[in-house]
Amino acid sequence: MSGLLGNRPIPLIQKSLAEAFSAGGCGERSLPNHRGRENMAKKYTAQCACGAIKFEFDAEPTFVADCYCKDCQKASGGAMATFFGVPEADFTLLSGSPKSFHYTAESGNGLDRNFCPDCGSRLFSSNLIGFPGLVFVMIGSLDRPEGIEPKLEMFTKRRLGWTKALDIPQFPAMPS
Ligand SMILES: [Zn+2]
Ligand SMILES: [Zn+2]
């Protein structure tokens, strides 16, 4: 697993992100692949706090963001959430059955928030309007999150006063 810490540069795709989040319409709901474990573990492995749900992927994360929106605060129980995109085709659910909760933002855009029904860990979001084929993984679910760093911070208008801005692009709401 020597490549785990290899931190390839991740392109900043702010425009696509903004366009995607502001896009209307309704996404097709589908669950990520659920396949049995293959011989080789993928590069990144992840699991919930109790270990019932495990998943893995090979792709280098994209759209790595700190989000301070109210929903991320409520859903994570923390001051913000850090997540990133992974191609759905590469995302493999190894064990367990996440429960999903459909959330619709004020903008009308929706997503399915997937969590462990046993321990409550928030794991990943799927079916994001405007992001077909991408699953957004919560960084805390990774077994080895080292080397994956946020490339932007968004909804900073909801930032709690004691949190400090990182030296990366800051967006009061969605990147524009
Ligand atoms: Zn669990
Ligand atoms: Zn958020």
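Remember, it's 1-based here, ligands and their atoms both numbered in the order they're listed. Atom set for the values below is all heavy atoms of this structure, side chains included, hydrogens, waters and symmetry mates excluded.
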Ring center gap for Phe83 and Phe63 short of 6.0 angstrom: no
Tyr103-Met174 co-clustered via ILVMFWY side chain contacts under 4.5 Å: yes
Glu153 with Arg159: basic N within carboxylate O range, under 4.0 Å: yes
Under 3.5 Å donor-acceptor, Asn114 side chain and Leu123 backbone: no
Shell of protein N/O/S atoms around the Zn ion (ligand 2), taken as anything under 2.8 Å: Cys67 SG, Cys69 SG, Cys72 SG
Aromatic centroids of Phe101 and Phe115 separated by under 6.0 Å: no
Tyr44 and Phe57 aromatic ring geometry - parallel, tilted or perpendicular at 30°/60° bounds: parallel
For Lys70, side-chain hydrogen bond (donor to acceptor under 3.5 Å, both in side chains) partners two or more places apart: Gln73
Thr92 and Lys42: side chain donor to acceptor below 3.5 Å: yes
Near the Zn ion (ligand 1) (cut-off under 2.8 Å), count of protein N, O or S atoms: 4
Residue list, side-chain contact (heavy atoms from CB on, under 4.5 Å) with Pro132, at least two apart or on another chain: none
